[in-house]
Structures are given as C-alpha cells and as structure tokens.
Amino acid sequence: MNIADLRKSYEKAELNENASQADPLKQFEQWLQEAIASEVPEPNAMTLATVANNLRPSTRVVLIKGYDERGIVWYTNYDSQKGQELAGNPFAALQFHWVELERVVRIEGRVEKVSAEESDAYFHSRPLDSRIGAWASPQSQVIDGRTVLVTNAAKYAAQFMLQPPRPPHWGGYRLVPDQWQFWQGRKSRLHDRLRYTQDGSHWLRERLAP
C-alpha cells in the first residue's frame with residue numbers, strides 16, 4: 001500500500017465553545033479522565049519538545065506525574081539532553097495524542113524545576129528498581145553497552161540496599177502553561193480546534209481553523 005493512500009475519517013466526537021470548559025485546566029482534566037476511563041494505551045504519555053541553544057528542536061515521550069493550577073509535572077534526569085536544553089532555554093511544549101479518542105492536547109509555556117520536597121516525595125514513592133535506575137543510568141550519555149547499566153545498577157543496589165536517596169541530578173519539572181490547544185478530529189478534515197491564551201487573569205478561548 002502507498003503510505004500516501006492511508007486515510008481515516010474522524011467521527012467519534014465534537015468540541016464546541018458552548019460545551020467546552022472556560023478554564024483550559026478543567027477541559028484538560030475532563031479529557032484526561034475520559035482517556036483513562038476509556039483505557040487507551042498509556043493515557044499519561046506526552047511528547048515533550050525542547051529547543052537547544054543552537055535552535056535545533058528535539059522531542060521525546062515522558063509521563064505526566066501531576067497537574068494543578070500551577071502547571072504540568074514530570075520527572076527526569078537533570079543532566080539529560082532535555083535537562084541541558086531546558087537549562088539554556090526554559091520554554092517547552094507538551095502534546096498528548098489519544099488516538100482512540102481522536103483527540104490532541106497541546107500545551108506551551110515556561111518550565112521550572114519543582115521544589116526539592118516535591119521531588120523527594122515522588123522519588124520515594126517509586127518502585128525500588130526505578131530508584132536504583134535513576135542512579136544507574138547516565139541518561140543521554142554514550143555508553144559502551146548495556147553491561148554498563150547492569151553493572152551500575154548492581155553497584156548502587158549494593159551501596160544503598162533498600163533506601164536509595166534521590167540523586168542530586170534527578171528531579172521534577174513543571175511547565176507553567178500560557179497557551180493550550182484542544183483538537184478533536186471531525187469528518188471531512190473539518191476538525192474542531194480551540195485555543196486558550198492568557199488574557200490578564202482570564203483565559204481567552206478562540207476557535208482556530210484546522
């Protein structure tokens with residue numbers, strides 16, 4: 001089959017101004033809960049886009065670990081490629097794509113580190129293997145092979161036993177949104193697309209052409 005011939009008609013739902021939430025965080029929560037209830041694969045997975053100092057963008061998939069009126073939270077290695085890029089340019093974009101629901105959410109804003117207390121609390125809630133893994137992986141660095149990871153994991157497991165502390169290079173980020181977009185697939189490619197931007201202390205909701 002020619003890949004250009006692949007087609008899909010989007011007809012599951014609609015998104016309009018009257019039925020959507022005035023607060024984008026509430027709209028996001030509604031859609032996220034619906035994705036979880038629908039048992040779509042990994043509803044908590046989101047693509048994170050950052051831009052390096054040389055203006056080259058890069059993306060990767062991370063998992064949302066919290067959200068509230070302050071923003072969207074995930075955790076990672078601060079020394080990773082994304083951590084280095086955020087240190088040089090603290091603006092990023094997130095995207096959720098719930099294929100089965102024919103929905104996309106895009107979020108843009110400034111990124112900041114969460115508090116050490118928040119990072120500690122989440123780190124100690126993780127399974128032991130994940131906590132050891134945070135020490136074992138020099139994320140984004142070139143390594144000679146998987147043996148490096150296995151050896152590191154064994155070393156830190158022996159060193160810390162059941163109580164590994166949070167590594168100083170590992171913790172959380174929070175994206176503070178200044179723009180949201182909600183996309184609902186519709187028939188004939190006439191999709192619904194609502195954008196929320198900050199207007200003083202309120203959110204301005206506008207429809208964009210798809």
Side-chain angles (χ1 to χ4, degrees), residues 25 28-29 32-33 35-36 39-98 105-177:
L25 181 63
F28 169 73
E29 182 172 40
L32 176 60
Q33 294 305 318
I36 294 171
E39 298 183 341
V40 304
E42 294 197 279
N44 56 334
M46 56 187 185
T47 299
L48 166 66
T50 56
V51 178
N53 289 333
N54 62 4
L55 303 184
R56 290 180 66 96
S58 59
T59 65
R60 74 287 291 158
V61 176
V62 297
L63 301 178
I64 183 175
K65 292 300 179 180
Y67 65 92
D68 55 26
E69 65 282 351
R70 295 174 298 170
I72 309 294
V73 174
W74 69 93
Y75 291 85
T76 191
N77 187 316
Y78 289 143
D79 294 335
S80 64
Q81 179 181 347
K82 55 185 170 298
Q84 294 177 29
E85 291 178 355
L86 288 170
N89 177 14
F91 290 90
L94 299 170
Q95 177 172 290
F96 292 84
H97 186 193
W98 297 308
V105 180
R106 295 165 54 187
I107 313 166
E108 299 178 13
R110 185 178 182 87
V111 177
E112 60 190 23
K113 290 182 178 178
V114 306
S115 68
E117 291 76 15
E118 289 177 271
S119 290
D120 286 340
Y122 175 69
F123 182 81
H124 291 297
S125 75
R126 306 178 84 207
L128 177 60
D129 287 351
S130 297
R131 283 178 279 156
I132 293 296
W135 283 95
S137 174
Q139 194 173 117
S140 301
Q141 296 182 28
V142 175
I143 58 176
D144 291 334
R146 185 170 178 80
T147 302
V148 173
L149 301 177
V150 175
T151 301
N152 284 350
K155 179 183 72 173
Y156 288 114
Q159 177 179 343
F160 297 126
M161 304 296 287
L162 299 178
Q163 299 297 329
R166 178 173 64 89
H169 58 263
W170 191 98
Y173 286 106
R174 175 179 288 108
L175 184 142
V176 182

Would you indicate whether the side-chain heavy atoms of Thr59 and Gln95 approach each other to under 4.5 Å?
no

Side chain to side chain contact (heavy atoms under 4.5 Å, CB included) for Val105 and Met46? Distances and angles first, verdict last.
CA-CA 9 Å; Val105 180; Met46 56 187 185; over 6 Å; no

Residue of the set Trp135, Trp170, Tyr75 for which ring-ring contact (aromatic ring centres under 6.0 Å, His included) holds with Phe123:
Trp170

In this structure, CD1 of Ile36 is separated from CG of Asn44 (nearest 0.5 Å) by 7.5 Å

Is His169 reaching over with its side chain to a backbone N or O of Ala134, donor-acceptor style, under 3.5 angstrom?
yes

My understanding is that only residues two or more places apart in sequence, or in another chain, count here; which of them pass side chain to side chain contact (heavy atoms under 4.5 Å, CB included) with Ala92?
Leu48, Thr50, Leu86, Val111, Leu175

When you measure from the side chain of Arg131 to the backbone N and O of Arg126, does any donor-acceptor pair fall under 3.5 Å?
yes

Straight-line distance of Phe28 CZ to Ile72 CD1, nearest 0.5 Å:
4.5 Å

Taking the side chain as every heavy atom from C-beta outward, state whether Thr47 and His97 have any pair of such atoms under 4.5 Å apart.
no

With a 6.0 Å cut-off (strictly less than), is the heavy-atom count around CD of Gln159, excluding the residue itself, greater than 12?
yes

Applying side chain to side chain donor-acceptor pair (under 3.5 Å), can you list everything that pairs with Asp68, at least two apart in sequence or on another chain?
Arg70

Side-chain (Ser140) to main-chain (Gln81) donor-acceptor, under 3.5 angstrom
yes

Does any part of the side chain of Lys82, heavy atoms only, come nearer than 4.5 Å to the side chain of Val62, both counted from C-beta?
yes

Any idea which heavy atoms bring Ser80 and Gln139 closest together, and the distance?
CB-OE1, 3.2 Å

Atom of Ala153, atom of Ile132 and distance for their closest heavy-atom approach:
O-CG2, 3.6 Å

Check whether any side-chain heavy atom of Tyr173 lies under 4.5 Å from a side-chain heavy atom of Glu112, and answer yes or no.
no

Side chains of Arg56 and Ser58 only: does a donor on one sit below 3.5 Å from an acceptor on the other?
no

Between Ala35 and Pro43, what is the shortest heavy-atom contact and its length?
CB-CB, 4.0 Å

Would you check if the side chain of Tyr78 reaches a backbone N or O of Gln84 as a donor-acceptor pair within less than 3.5 Å?
no

Thr151 side chain vs Thr147 backbone, donor-acceptor pair below 3.5 Å
yes

Considering all heavy atoms, the nearest Val61-Ala45 contact
CG1-CB, 4.0 Å

Can you classify the ring geometry of Phe96 versus Trp98 as parallel (below 30°), tilted (30 to 60°) or perpendicular (above 60°)?
tilted

Show the nearest heavy-atom pair for residues Asn152 and Ala136, with the distance to one decimal.
ND2-O, 3.0 Å

Exam field: side chain Ser125 to backbone Tyr122, donor-acceptor pair closer than 3.5 Å:
yes

Does some side-chain heavy atom of Pro164 sit less than 4.5 Å from a side-chain heavy atom of Leu128?
yes

Closest non-hydrogen atoms of His124 and Pro165, given as atom of the first, atom of the second and distance, are CE1-CA, 4.3 Å

